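On a predicted model such as this, the values are computed, not experimentally measured, just so you know. Just so you know, ligand 1 is whichever comes first in the structure, and atom 1 is the first atom listed for that ligand.
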Amino acid sequence: MMTVKETIAIAADHAGFRLKSLLKDEIEAAGYHVLDLGTDSPESVDYPDYGLAVAAAIESGRASRGVVVCGTGMGIAIAANRSSRVRAAVCHDVTTARLARQHNDANVIALGARIVGEEVARECVRTFLQTNFAGGRHERRVAKLAEASQSRKTADVSV
Ligand code: RB5
């Protein structure tokens, strides 16, 4: 029986492009198809373009989840999170990667190539890919995020 591989979109700016290529191999070795959206050199680029590219791939259904890398992980995560379909989490270790999936149902992991070592980054991605959303009480909270991005509601001060 042929199984369809899940597609993981990956992108990085110049600060993350080297780590991106290592992570790409890691993701493929774990049995996923990789959609590489660049960048492919150390030439300076703008991280929003790459975070937005991963968000667009998720919005269009070309990828189900994503991995983004910049110097800190933060700028590219902020960019990806402009999409209401994206929950991008900056992760620094296996625990944050696991909880981002279990509690937040994060569909994009963001890593800082200047912050985490290569082996930690690999472990984060492996954990992110293999961990399921825990559901339960977290369903309601994640649903509120979707609701907020639909209605542009920013806060409910009564809770
Ligand atoms: C690029 O120098 C750096 O600002 C970028 O990679 C990232 O860390 C931004 O959040």
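Within 4.0 Å of ligand 1, protein heavy atoms come from Asp13, His14, Ala15, Tyr47, Cys70, Gly71, Thr72, Gly75, Arg114.
Two residues are said to be in side-chain contact when any heavy atoms from C-beta on lie closer than 4.5 Å; Leu111 and Ile109 meet this criterion. Inter-residue side-chain proximity for Asp105 and Arg87 is flagged as met; some heavy-atom pair is nearer than 4.5 Å.
Every salt bridge (charged side-chain N to carboxylate O under 4.0 Å, His left out) that Arg122 has, sequence neighbours left out, goes to Glu26, Glu119. Residues meeting the salt bridge (charged side-chain N to carboxylate O under 4.0 Å, His left out) test with Glu118, sequence neighbours left out: Arg18. Not a single salt bridge (charged side-chain N to carboxylate O under 4.0 Å, His left out) links Arg98 to another residue, sequence neighbours left out.
Remark: Arg101 fails to qualify as a cation-pi partner of Phe133 under the 6.0 Å distance and 45° angle criteria applied to the six-membered ring.
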